[in-house]
Amino acid sequence: MRQAGRYLPEFREIRAGKDFFDTCRSPENCCELTLQPLRRFPFDASIIFSDILVIPQAMGMEVQMLTGKGPTFTDPLKEPEDLQRLRAKVDVNKELDYVFKAITLTRHKIEGKVPLIGFTGAPWTLMSYMIEGGGSTTHSKAKRWLYRHPDSSHMLLKMLADVIVEYLVGQVAAGAQALQVFESHAGILGPVEFREFSLPYLRDIARRVKDRLKEKGQDVPMIVFAKDAHYALEELSESHYEVVSLDWTIDPRSARERTGGKVSLQGNMDPCALYAPKEQISDVVRKMLEGFGTRGYIANLGHGLYPDMDPENVGAFVDAVHQHSKLLIKQK
Ligand code: 1CP
């Protein structure tokens, strides 16, 4: 999750006074921000510093990251006619070259110590930002589209999926060793809408990326994170992803039963458990590991970190994962 986040003083130092997306466009800054947490903690992997909203930008939309407000679109999509404002054909090698450069530089600088994960937002999550114009609690403007303009919604989701496929294939060519797809706004949809407007695109992306990589003799694991999509666990485990990443509202044992060994699972400690004293963090981690078991499992949080979280407690989380997993493996 958001390991390179705002909870580290050294992160805030690099970010200070700079525009967020200017930082994303600087491969040197992205590389440094990706490496920072690895210097502090014995993580097993790293995720490239970037953002999911670089895709709407590549499609021609203007997005700014405003302090205290988050992502803000200058001119969100209002009606289906507005789709004509988007670039019909996106040359990802031109528009998102800065991300590929950041990945290549970071991959070199990591020197093989841990794998580097690339990522993207999924079509529905990006669509909702492009219509809402920023963060939202109800996502009612975007959902209004789904109910009133289903054809245009599918047209937009398809356009996004096409760009995402090129973008992910490009990330692997640049050096990414695993890919995570964030459907952060899955939970705002019910099962019926999820099956129509999210799941088919998640599947399509995994299948097309894998086919394209295969042609080049490449293969990387893919991870899907559909936040709050409890109802879709079984379907997600049959969607061509090797790993299903879970938020903290799902019980580890029931997730195992429902996915039945078809995929590896990732997650899912409540990030807010990092506010607890260290001993309690260790306890929460132990229970989580006992629930998931040690095979086919990637210990992680169930979502991103908040800026006021104590780096020491992040360290306590990582230590607890290592300590308890060693014990559990020994007991077998
Ligand atoms: O931590 C990292 O640096 C890893 C890189 C990373 C990732 C994987 C960032 C940097 N953003 C993301 C993904 C991302 N961005 C998601 C999917 C994961 C999730 O569900 O959180 C989403 C929804 C976004 C959109 C976004 N970007 C938001 C959420 C706004 C909302 O709707 O409430 C915010 C606040 C950002 C800004 C951002 N992106 C990344 C960081 C470190 C930040 C904080 C801003 C800053 O550093 O100035």
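Predicted model, so just to flag it, every value in this text is computed and none were measured. Order of appearance sets the numbers: ligands from 1, and atoms from 1 within every ligand. Residues take their numbers from the sequence shown, with the count starting at 1.
Here is the list of ligand 1 atoms found below 4.0 Å of a heavy atom in F182: 8 (C), 17 (C), 18 (C). Near H303, meaning under 4.0 Å from any of its heavy atoms, are these atoms of ligand 1: 19 (C), 20 (O), 21 (O). Short contacts between ligand 1 and P71, defined as distances under 4.0 Å to a heavy atom of the residue, involve ligand atoms 30 (C). Near F11, meaning under 4.0 Å from any of its heavy atoms, are these atoms of ligand 1: 42 (C), 47 (O).
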Exercise answer: donor-acceptor pairs, residues 74-82 side-chain atoms, under 3.5 Å, sequence neighbours excluded:
unit_1: T74; atom_1: OG1; unit_2: E62; atom_2: OE2; d: 3.0
unit_1: D82; atom_1: OD2; unit_2: K78; atom_2: N; d: 2.6
unit_1: D82; atom_1: OD2; unit_2: E79; atom_2: N; d: 3.0

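For I48, every heavy-atom contact with ligand 1 shorter than 4.0 Å involves the backbone, none the side chain. Contacts of M65 with ligand 1, taken as heavy-atom pairs under 4.0 Å, involve the side chain alone. Residue-level proximity to ligand 1 for S136 is absent, since no heavy atom of it falls below 4.0 angstrom.
Any N or O atom pair closer than 3.5 Å counts here, and R6 shares no such pair with ligand 1. Annotation: R15 places an N or O atom under 3.5 Å from an N or O atom of ligand 1; distance criterion only. Between Y129 and ligand 1, at least one N/O pair is under 3.5 Å apart.
Heavy atoms of G304 stay at 4.0 angstrom or farther from ligand 1.
With rounding to the nearest 0.5 Å, the separation of OG1 in T23 from CG in D51 is 11.5 Å.
F20 and L33 fall within the same hydrophobic cluster, where Ile, Leu, Val, Met, Phe, Trp and Tyr residues are linked whenever their side-chain heavy atoms come under 4.5 Å apart, directly or through other members.
Distance alone, capped at 3.5 Å, is enough to place a donor-acceptor pair between the S325 side chain and the H322 backbone. In terms of modelled atom types and a separation under 3.5 Å, the side chain of Y7 and the main chain of V314 share no donor-acceptor contact.
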Side chain to side chain donor-acceptor pair (under 3.5 Å) evaluation trace for R258 with S237 | CA-CA 9 Å; R258 291 174 58 196; S237 71; over 6 Å; no
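Ion pairing of R208 with D162 is present here, as a side-chain N (NZ or NE/NH1/NH2) and a carboxylate O approach within less than 4.0 Å.
Note on residues 108-134: pairs passing ring pair (Phe, Tyr, Trp, His ring centres under 6.0 Å), not counting sequence neighbours, are F119-F182, Y129-H185.
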